[in-house]
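See below for the structure under consideration.
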Amino acid sequence: MARQLVVFFLLLNITASGGTGLHHATYEAQLIKKLVTDYEISARPASDPSKAVNVTIDVTFYNVIDFDEKAQTIDTIIWMTLKWTDDQLMWNPEEYDGVQEIHVKPSAIWRPDITLINAVNDQRNAENLFSEISLVITHNGSVRWPTPNLIKSFCSVDMYYFPFDEQSCNLTFASWTYSITELDIVPVTLKGYTGEYQENGEWVLVGAPVDRWIETDPFSYPVVTYTIVLQRRPLFYIYNLLIPCALLTLLGVLAFYLPVEAGEKVSLSITVLLALSVFQLLVADTIPDTSLNVPILGQFFTVTICLLGLCTLLIATVIRLSFKEGRGKGIPDWIHRFVFGFLSKCSCLRTVTRRQLRLYEEIRYRTRILYEEPQNSSANPACDEINTESHHHKLHSRQTLNEILRELKGARRDFTLQQAEQEMDEVNAKEWRLLAEVINRFLLNVFLFVSIAVTLVLLLQPLY
């Protein structure tokens, strides 16, 4: 018997609870029906027609889905909450079983036509920004409309400091039809809430300040703008663009470090030049097609390509000088003084060049003696006055002997002159090669310094 009583009271309790919930739901349905019946959704919920409806706006930034610098658009997820007061939606909770809050569809009551002004014409924005999220209405007439939104908006980008750039994208909200005398928009805080922001692999959300002003064209209406300040994470571009480019530039300049007669210097320089051109195309595919400014990285690639092009031209000139044959023509005096005087000092080769030049002067002096000896020397008189009588039985005549002696002296003179000319040409060729080495070392120092200076000046601009 006791067990049956327990079961009976349990069933009675369950039935009473279900009835209370059903009773409460019935009151809520009656309340909603009463509020929306004969409700004119086109009329502003203002107690005084001469006063504006005050709408507060609050935006929470959740994530940056995509930032297309090429198309200058940004996709963001935001949580937006609009609040206003509607005097037609008030009730006494005691008359409806203590119901203090109800949820209705947006199409049932009046809503402010607040729109994202700079929205891109996309399928997600073709409809109203706010999806069919229910509005929350309290008994005192306060209406709250929280909506999550995935929006795509236009963002003017400035790529001058790419990849160390900071972008500011505006989300501009305003009423599309109401003037300030009919609807006023006021931000809840002076900056958007970023506490729920999910970290992005490329962008860091620095802040989201809010600005409000009155637009007067074509009529006066309030405008609220949230500025999304994003700072790019440059690590990806440092590893994949800057470091390879810097190494290629250094490799191209170090072509001057190879021996002057090495033909591979030109091949190396041209190969590096082509590689940098490929990197420049990669940068051009990333940035927008605009002529307002040129990114620092683009300037760096352009200057580097020009430097390597000049390097290739000068390398070819140095190689040509190193293979220049003397042919009896030495280095002009003014070039000799400039290269072996000034450039050798700047290249720290002054001691080496002086020692080499001293050696070449000694060789020239010996060669000059060999060159002048056949002309100043005369034949041995003893040989000229040969006793023809003692040799009458060997030679038919004295004339034949004199002809043989003249031929021998001419052959000796020609051989000596030819040897002197060869030695002089070798000395001139070595001197030209030494000149090419001095110029090559000087260009190595100059281009190494210029490359480092250009890299520091251009790529470190964002730091100062």
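In this structure, Pro45 and Gln88 approach most closely via the heavy-atom pair CA-NE2, 4.3 Å. Nearest approach of Leu268 to Ala255, heavy atoms of both residues: CD2-CB, 3.9 Å. Taking each heavy atom of Gly252 and Leu308 in turn, the nearest pair found is CA-CD2, 3.8 Å. Taking both residues in full, the closest heavy atoms of Phe61 and Ala208 are given as CE1-CB, 3.3 Å, listed atom of the first, atom of the second, then distance. Heavy atoms only, all atoms of each residue included: Val272 and Leu248 are closest at CG1-O, 3.0 Å. Scanning all heavy atoms of the two residues, the minimum distance from Pro187 to Val224 falls at CD-CG2, 4.1 Å.
Side-chain contact between Pro148 and Ile133 is present, with at least one heavy-atom pair separated by less than 4.5 Å. Side chains of Ile151 and Asp75 form no contact here, defined as non-hydrogen atoms less than 4.5 Å apart. Counting heavy atoms from C-beta on, the side chains of Cys311 and Phe447 come closer than 4.5 Å. The shortest side-chain heavy-atom distance between Pro222 and Arg212 falls under the 4.5 Å cut-off. A 4.5 Å side-chain heavy-atom check between Ile296 and Tyr161 finds at least one atom pair inside the cut-off. With contacts defined as side-chain heavy-atom distances shorter than 4.5 Å, the pair Arg44/Tyr178 qualifies. Between Ile214 and Val223, every side-chain heavy-atom pair lies at or beyond the 4.5 Å cut-off. Looking only at side-chain heavy atoms (C-beta outward), Tyr193 and Trp79 stay at 4.5 Å or farther from each other.
Distance CG/Leu135 to CG/Leu89: 9.5 Å, rounded to 0.5 Å. Considering CZ of Phe301 and SG of Cys245, their distance stands at 4.0 Å, rounded to 0.5 Å. Thr181 OG1 to Lys51 NZ: the interatomic distance, rounded to the nearest 0.5 Å, is 14.0 Å. Distance check: Asn240 CG to Leu282 CG gives 9.5 Å after rounding to the nearest 0.5 Å. With rounding to the nearest 0.5 angstrom, the CG atom of Leu254 is 4.5 Å from the CG atom of Leu250. To the nearest 0.5 Å, the span separating CE on Met80 from OG1 on Thr60 amounts to 10.0 Å.
Between the side chains of Thr172 and Asn170, not a single donor N or O lies within less than 3.5 Å of an accepting N or O. No side-chain donor-acceptor contact under 3.5 Å links Asn118 and Ser153. Under the 3.5 Å distance criterion, with hydrogens and angles disregarded, a donor-acceptor pair is assigned to the side chains of Thr302 and Gln280. A donor atom on one side chain and an acceptor atom on the other are not found under 3.5 Å apart for Ser142 and Asn140. Counting only N and O atoms by type, the side chains of Asp184 and Tyr221 include no donor and acceptor under 3.5 Å apart. Residues Gln198 and Asn200 bring no donor and acceptor atom of their side chains to less than 3.5 Å of each other.
Of the possible donor and acceptor atoms, one in the side chain of Thr189 sits under 3.5 Å from a partner among the backbone N and O of Lys191. Although no hydrogens or angles enter the test, the distance criterion places a donor-acceptor pair under 3.5 Å between the side chain of Gln72 and the main chain of Val157. Panel note: side chain Gln100, backbone Thr138; no donor-acceptor pair is recorded below 3.5 Å.
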Evaluate the criterion side chain to side chain donor-acceptor pair (under 3.5 Å) for residue pair Asn149 and Tyr62; output intermediate values, then yes/no. CA-CA 10 Å; Asn149 298 279; Tyr62 185 73; over 6 Å; no
When you look at Ile74 and Asp66, which way does the side chain to side chain contact (heavy atoms under 4.5 Å, CB included) test go after all the steps? CA-CA 6 Å; Ile74 182 172; Asp66 183 40; over 6 Å; no
Show the numbers, then the answer: is there a side chain to side chain contact (heavy atoms under 4.5 Å, CB included) between Ile238 and Ile243? CA-CA 6 Å; Ile238 291 176; Ile243 293 180; 4.1 Å; yes
Please determine whether side chain to side chain contact (heavy atoms under 4.5 Å, CB included) holds for the pair Glu101 and His139, giving the CA-CA distance in whole Å, both sets of side-chain angles, and the decisive distance to 0.1 Å. CA-CA 6 Å; Glu101 185 178 271; His139 65 91; over 6 Å; no
What do the steps show when you test Asn54 against Thr85 for side chain to side chain contact (heavy atoms under 4.5 Å, CB included), and what is the final call? CA-CA 8 Å; Asn54 294 320; Thr85 300; over 6 Å; no
For the pair Ser175 and Asp113, evaluate side chain to side chain donor-acceptor pair (under 3.5 Å) and give the outcome as yes or no after the intermediate values. CA-CA 5 Å; Ser175 172; Asp113 60 343; 2.7 Å; yes
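When each of Val104, Ile109, Val55 is paired with Val143, the side chain to side chain contact (heavy atoms under 4.5 Å, CB included) condition holds for Ile109 and for no other. The residue from Thr249, Val454, Val457 that alone fulfils the side chain to side chain contact (heavy atoms under 4.5 Å, CB included) condition with Val303 is Val454. With Thr76 as reference, Ile228 is the one residue of Ile65, Ile228, Val59 to meet the side chain to side chain contact (heavy atoms under 4.5 Å, CB included) rule.
Other residues, nucleotides and ligands contribute only 12 or fewer heavy atoms inside 6.0 Å of the CZ atom of Phe449. In this structure, Trp176 places its CH2 atom where only 12 or fewer heavy-atom neighbours from other residues, nucleotides or ligands lie under 6.0 Å away. Counted within 6.0 Å of CG on Leu190, heavy atoms from surrounding residues, nucleotides or ligands total 12 or fewer; the atom is thus considered open.
Salt bridge present: Arg232 and Glu202 bring a charged side-chain N and a carboxylate O closer than 4.0 Å. The pair Asp68-Lys152 fails the salt-bridge criterion, with no side-chain N (NZ, NE, NH1 or NH2) lying under 4.0 Å from an Asp/Glu carboxylate O. Between Glu199 and Arg233 there is a salt bridge, since a side-chain N of the basic residue sits under 4.0 Å from a carboxylate O of the acidic one.
Using bins of under 30°, 30° to 60° and over 60° for the plane-to-plane angle, the ring pair Phe173/Tyr226 lands in the perpendicular bin. Classification of the Trp203-Phe67 ring pair by plane angle, with boundaries at 30° and 60°, yields tilted.
Under the 6.0 Å cut-off for aromatic ring centres, Phe162 and Phe164 do not qualify, their centroids lying 6.0 Å or more apart.
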